[in-house]
Visitor: 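Can you keep this structure in mind? I'll have questions shortly.
In listed order, ligands and their atoms are each counted from 1. Only a predicted model underlies this, so the values are computations on that prediction, with no experimental measurement involved.
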Amino acid sequence: MTQHIADTTVLHNGVKMPWLGLGVWQTKDGDEVIRSVKAAIQAGYRSIDTAAAYNNESGVGAAIKESGVSRDELFITTKVWNADQGYDSTLRAFEESRRKLGLDVIDLYLIHWPVKGKYKDTWRALEKLYRDGAVRAIGVSNFQVHHLEDVLSGSEIVPMVNQVECHPRLTQQELRSFCKSHQIQLEAWSPLMQGNLDIPVLTELAAKYGKSPAQIILRWDLQNGIVTIPKSVTESRIRENGNVFDFTLSDEDIAKLDALNENHRFGPDPDNFNF
Ligand code: NDP
């Protein structure tokens with residue numbers, strides 16, 4: 001059971017990835033992202049999730065340098081954007097991300113969305129980056145079971161991570177068991193349902209454990225073996241979201257949260273997006 005903010009899961013290639021990280025989608029480049037990332041690192045976070053599409057890799061890079069924590073203690077994820085998919089263009093996009101972040105090696109590089117007709121060529125580029133040692137782990141995001149089956153057929157490397165929308169209203173049971181059976185670590189985006197936390201079961205469990213609704217969900221992620229990356233630009237919430245290692249939800253309460261599933265997405269459907 002995870003008991004410390006720096007605790008890690010071990011990906012199938014042996015690389016250690018923290019169970020908890022800071023998400024920075026919609027966090028503004030410059031002062032806002034620098035303050036958020038530094039506050040998270042100060043609070044003990046060791047993992048940051050950005051993407052080329054978030055337009056804040058430069059600020060993330062600046063914050064890492066200013067944080068005073070050594071590079072090898074941090075785990076940095078970024079993602080190749082849809083418009084850059086394809087073999088050569090992915091390699092070029094990677095160089096741009098690496099330059100903006102000011103890093104030689106990226107810890108985890110993900111395909112942001114399964115762009116039809118392109119994601120397998122993109123995956124070959126990620127395999128090359130991995131073999132070249134430019135990235136410590138590679139993975140995908142927003143891949144459904146059929147996308148994963150497609151990548152697994154004919155590829156040499158099994159993705160180490162699949163980052164998908166996942167929270168009590170979208171528990172992703174089928175995808176989770178598929179990933180588990182292939183040693184693909186599931187990672188939850190929008191774990192806090194983009195701030196829509198007003199659900200009676202969450203309020204009830206928050207009161208029972210003396211925690212906040214956000215903390216209840218994040219603990220549910222951890223106890224389910226799901227890596228989680230809550231986003232906040234608010235220092236007190238960043239600390240709050242990191243303070244989920246001192247209590248344990250009972251099996252019965254985990255089941256209550258599982259039962260909130262209604263396959264509800266706050267974000268786009270990976271089988272039907274047009275960007
Ligand atoms: P989250 O589910 O993490 O929710 C963030 C929202 O919740 C913000 O409005 C934040 O407000 C608020 N919030 C944060 N902490 C608390 C708290 N303790 N109590 C109450 N409200 C809180 O949303 P995201 O969509 O940002 O998802 C998290 C991360 O996942 C992203 O930042 C990104 O890194 C990744 N992601 C990946 C996607 C992909 O396609 N791969 C898609 C979407 C997200 P405030 O900031 O004002 O404090």
Side-chain angles (χ1 to χ4, degrees), residues 17-29 32-33 35-37 39-40 43 45 47-57 59-60 63 75-82 85 97 101 107-115 119 122 138-144 147 159 161-170 172 175 185-199 202-203 205-206 209 211-221 226-244 264-273 275:
M17 174 177 191
W19 286 109
L20 183 100
L22 178 77
V24 297
W25 177 44
Q26 293 177 317
T27 303
K28 288 189 207 72
D29 199 14
E32 186 171 80
V33 79
R35 272 190 299 106
S36 305
V37 171
Y45 291 56
S47 170
I48 310 294
D49 181 82
T50 185
Y54 302 169
N55 286 316
N56 58 20
E57 289 170 309
V60 169
F75 189 98
I76 310 301
T77 300
T78 192
K79 317 182 188 89
V80 55
W81 184 238
N82 300 353
Q85 288 204 35
S97 284
L101 284 162
D107 296 284
L108 177 62
Y109 199 43
L110 302 178
I111 302 182
H112 208 146
W113 287 86
V115 176
Y119 63 78
T122 307
I138 52 177
V140 294
S141 177
N142 299 303
F143 276 44
Q144 310 268 49
H147 297 118
V161 171
N162 186 18
Q163 182 188 110
V164 296
E165 181 175 351
C166 183
H167 44 68
R169 292 178 65 190
L170 177 69
Q172 301 271 25
L175 188 57
Q185 173 65 54
L186 198 113
E187 179 176 21
W189 65 250
S190 293
L192 303 180
M193 304 184 287
Q194 304 184 354
N196 296 286
L197 297 164
D198 195 8
I199 296 179
L202 281 179
T203 314
L205 294 181
Y209 289 92
K211 289 282 174 179
S212 70
Q215 290 172 320
I216 296 294
I217 301 188
L218 297 171
R219 189 67 208 176
W220 172 82
D221 285 331
I226 297 171
V227 167
T228 190
I229 44 170
K231 172 264 179 186
S232 179
V233 296
T234 314
E235 198 174 330
S236 57
R237 287 175 169 173
I238 291 172
R239 280 198 305 273
E240 175 186 323
N241 297 341
N243 183 14
V244 291
H264 177 85
R265 291 182 186 277
F266 289 90
D269 180 346
D271 279 322
N272 187 18
F273 65 97
F275 48 88

Visitor: Using side-chain contact (heavy atoms from CB on, under 4.5 Å) as the criterion, list what pairs up with Arg239, not counting sequence neighbours.
Guide: Ala43, Glu235, Ser236

Visitor: Applying the side chain to side chain contact (heavy atoms under 4.5 Å, CB included) criterion to Phe143, which one of Ile111, Leu110, Leu175, Val164 satisfies it?
Guide: Ile111

Visitor: Can you give the donor-acceptor pairs under 3.5 Å from side chains of residues 22-29 to other protein atoms, not counting sequence neighbours?
Guide:
{"from": "Thr27", "atom 1": "OG1", "to": "Val24", "atom 2": "O", "distance (Å)": "3.4"}
{"from": "Asp29", "atom 1": "OD1", "to": "Gly59", "atom 2": "N", "distance (Å)": "2.9"}

Visitor: Taking non-hydrogen atoms within less than 4.0 Å of ligand 1, which protein residues qualify?
Guide: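 Lining ligand 1 at under 4.0 Å, by heavy atoms, one finds Gly23, Val24, Trp25, Asp49, Tyr54, Lys79, His112, Trp113, Ser141, Asn142, Gln163, Trp189, Ser190, Pro191, Leu192, Met193, Gln194, Gly195, Leu197, Ala214, Ile229, Pro230, Lys231, Ser232, Val233, Thr234, Arg237, Glu240, Asn241.
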
Visitor: If you measure from the Lys or Arg side-chain nitrogens to the Asp or Glu carboxylate oxygens, is any gap between Lys79 and Asp49 under 4.0 Å?
Guide: yes

Visitor: Tell me every residue that passes side-chain contact (heavy atoms from CB on, under 4.5 Å) with Ala214, counting only those two or more places apart in sequence or in another chain.
Guide: Leu192, Leu197, Ser212, Glu240, Asn241

Visitor: Please work out whether the ring planes of Phe273 and Trp113 are parallel, tilted or perpendicular, with thresholds of 30° and 60°.
Guide: tilted

